[in-house]
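In each ligand, atom 1 is the first atom listed, and ligand 1 is the first ligand listed.
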Amino acid sequence: MSTPLDAKQEQALHLLQTVFGYPAFRSQQAQIVDHVVNGGDALVLMPTGGGKSLCYQIPALIRQGVGIVVSPLIALMQDQVDALAEVGVRAAFLNSTQSFDEAMRIERLMRAGELDLVYIAPERLMTHRCLELLSVTPLALFAIDEAHCVSQWGHDFRPEYIKLSVLHERFPDVPRIALTATADQQTRDEIIHRLQLEDALQFVSSFDRPNIRYQIVEKANGKKQLLDFIQAQHSGDAGIVYCLSRKKVEEMAEFLNENGITALPYHAGMEQSERYRNQARFLREDSIVMTATIAFGMGIDKPDVRFVAHLDLPKSIEGYYQETGRAGRDGATANAWMAYGLQDVVQQRRMIDESEANEAYKRILGAKLDAMLGLCETLNCRRVHILDYFGQHSKACGNCDTCLSPPISFDGSVAAQKILSTIYRVDQRFAAGHVIDVIRGIDTDRVKQWRHDQLSTYGIGSDKSEAEWRALLRQMIALGLVAVDYENFSSLKLTEESRAVLRGETKVQLRQYKKAEKAVKHKRQSAKDFAEANLDDVEQKIFERLRWWRVETAKAHNTAAFIIFHDSTLREIAKAKPRSLEDLRGVTGVGAKKLESYGEELVSLIAEFL
Ligand code: ADP
Ligand code: ZN
């Protein structure tokens, strides 16, 4: 920027560099900080890992009084507060996990204005006692994190969030900053409306996460495919595997452990203490795979998650993008991998159909699922498709499966007609398995019992494998050309749209079936290789020594390794080989407090190598 900075902007940059140890603001951070420092309301939409926290942390440091952070994630508050304490920021939290005495102590500090930031769960905030406390506390700002939780249509809906408009009513002069990584227009409108942010300035960042490679494969045997994927590309890496059901979460953890991969389960049906324990291990250790339902992960800011895998179809692109966004927050290469098949489509459609929701809600769920299916079936760049969904136009990325190995599309009209006429000839009373048996001319007992071997379509598709027919049928269901009747044994039905195809009036473009490829070992591209590639032998030794030092230090402080320093910072130290505190000061991620806490130790540790 060419315009000179004013005093507050100077101060913001100074805090960024000295407290957090970062040389410059990223994307829109500077403008957001400036706006909030000057008392404005803001709505911040930034992808996971984009750097939302600094947008309220720095204004809270500059403005008089205490910054209140509303967050639904009480399990993570301790880590957030620890991380801030590490850089010398006075932070605390108020939630149900702490003792009465401890809460009293925090409240006293708040009233005295002796804290910079306090994290509070929304249900706590809404209590009479807490609102009274706020009215006698000098307030710097309100940050409403995970603001999409106000959206009734979203999967993270929290009823208490809706009540947060009270903050505006009771404290009209305190600036509010709402933050989220969910960016579709509907959610955005709901946040503005429900939190009364009509006058807030909106800051919408690019949603692209260029370091994440998207990959959606045909599901054959999901478990085995996942194992191949992890073994080939992510051995020793931290990752998250999402499954739909609690049972499957448990099974997958067991299966991975049997195959030598340390995996822990996480779902809402587990004892809370066990859930916390597993989450803490995942955060603190280097190479744990978490198998989880979507109950896991909101707000998880472990920077070095190298892959996110989906074994079941997410319900929407928002959900998919939020979950995959937990990979690669440190900016190093990461994979988003998903296995998807006919059964997924059938199951998700059924869940909507059978839900208790009203028709309007079902329509919204259906539209969201259709968009997700569109992403799975696309013949074009996945990233272009995703960003387009969030209203952002882009070019083919070169870092997704469809860019790297473009799918072949073909005129599938004849294949589609074979499927449709078979469905018609079996009176729309049979499910996928039987329909495919008839098309392929398999003489099962059921085929014989119903004399379906007499049908004119019996065996007209013997040239294709069962998997191929399943893939074609899946696409037709995704396209709405075939419906599934869940109330009648999942039998397949024709739809309005399918008649035009049967009559040959519309053509159907389909994706050619690709047999599941075995993941190739030498393609391995984990963060460690990435790091190693950039360091010479001595630097690599220093880096390894530094990681050891970090493990010990984290243990001594009873905190997570990444809270001490990120890998990227250790890598930079190994390259810079600082001989003095002054040399070390320039390294990204080394702020004044960390320099003071660890500087001497690090310099003498490096000296051993020089
Ligand atoms: P979000 O909340 O948007 O998911 P975070 O606030 O947790 O993201 O930030 C993601 C990571 O990026 C963190 O490790 C943070 O320290 C780092 N980061 C944020 N802003 C900057 C910056 N200006 N320069 C360097 N690193 C940054
Ligand atoms: Zn692409």
Of all the non-hydrogen atoms in the protein, which one sits nearest to [atom], and at what distance?
atom                    : result
atom 12 (O) of ligand 1 : Arg26 NH1, 3.2 Å
atom 6 (O) of ligand 1  : Ser53 OG, 2.6 Å
atom 7 (O) of ligand 1  : Arg329 NH2, 3.2 Å
atom 10 (C) of ligand 1 : Gly49 O, 3.6 Å

Give the numbers and elements of all ligand 1 atoms closer than 4.0 Å to a heavy atom of [X].
X      : answer
Leu54  : 19 (C), 20 (N), 21 (C)
Pro47  : 3 (O)
His566 : 14 (O)

Practice task
Using distance alone, with no hydrogens and no angle criterion, decide if Glu377 and Tyr340 have a side-chain donor and acceptor under 3.5 Å apart.
Solution key: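 Note: Glu377 and Tyr340 side chains meet the donor-acceptor criterion.
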
Practice task
Using the Zn ion (ligand 2) as the apex, give the angle to atoms SG (Cys397) and SG (Cys381), rounded to 10 degrees.
Solution key: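 Roughly 100°, rounded to 10°.
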
Handout entry: Degrees at the Zn ion (ligand 2) between the SG atom of Cys400 and the SG atom of Cys403, nearest 10°
Key = 110°

Practice task
From the options Phe25, Tyr56, Phe562, Tyr22, select the one whose nearest heavy atom is closest to atom 15 (C) of ligand 1.
Solution key: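 Selected option, by shortest heavy-atom distance: Tyr22.
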
Practice task
Please determine if Gly51 has a nitrogen or oxygen closer than 3.5 Å to a nitrogen or oxygen of ligand 1.
Solution key: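 It does: an N or O of Gly51 is found under 3.5 Å from an N or O of ligand 1.
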
Handout entry: Side chain, backbone, both or neither: Met46 near ligand 1, heavy atoms under 4.0 Å
Key = neither

Problem - Ala24 and ligand 1 - part of the residue with a heavy-atom distance under 4.0 Å - result: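 For Ala24, only backbone atoms sit under 4.0 Å from ligand 1.
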
Practice task
Report yes if the side chains of Ser151 and Thr187 come closer than 4.5 Å at any heavy-atom pair, otherwise no.
Solution key: yes

Problem - Close side-chain approach of Val87 and Lys594, heavy atoms under 4.5 Å - result: yes

Practice task
Tell me, please, whether Phe562 has Lys302 positioned over its six-membered ring: NZ or CZ under 6.0 Å from the ring centre and within 45 degrees of its axis?
Solution key: no

Exercise for the section: Please check if atom NZ in Lys575 has more than 12 non-hydrogen atoms from other residues, nucleotides or ligands closer than 6.0 Å. Expected result: yes

Handout entry: Contact with ligand 1 for Gln29, non-hydrogen, under 4.0 angstrom
Key =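 Gln29 counts as a contact of ligand 1 under the 4.0 Å cut-off.
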
Practice task
Run the contact test for Pro303 against ligand 1 with a 4.0 Å cut-off on heavy atoms, strictly below, and give the result.
Solution key: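 Outside the 4.0 Å threshold, so no.
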
Problem - Nearest non-hydrogen partners of Met46 and Lys52, listed with the distance - result: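 Residues Met46 and Lys52, closest heavy atoms: O-NZ, 3.1 Å.
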
Practice task
Indicate, with yes or no, if the rings of Tyr321 and Phe390 have centres closer together than 6.0 Å.
Solution key: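 Yes, ring centres under 6.0 Å apart.
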
Practice task
Would you please indicate yes or no on a ring centroid separation below 6.0 angstrom for Phe282 and Tyr266?
Solution key: no

Handout entry: His148/Glu318 under side-chain hydrogen bond (donor to acceptor under 3.5 Å, both in side chains): CA gap, chis, key distance, verdict
Key = CA-CA 11 Å; His148 61 279; Glu318 292 94 302; over 6 Å; no

Exercise for the section: Please say which of Val305, Val241, Leu264 ends up in a side chain to side chain contact (heavy atoms under 4.5 Å, CB included) with Val289. Expected result: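 Exactly one candidate clears the test, Val241.
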
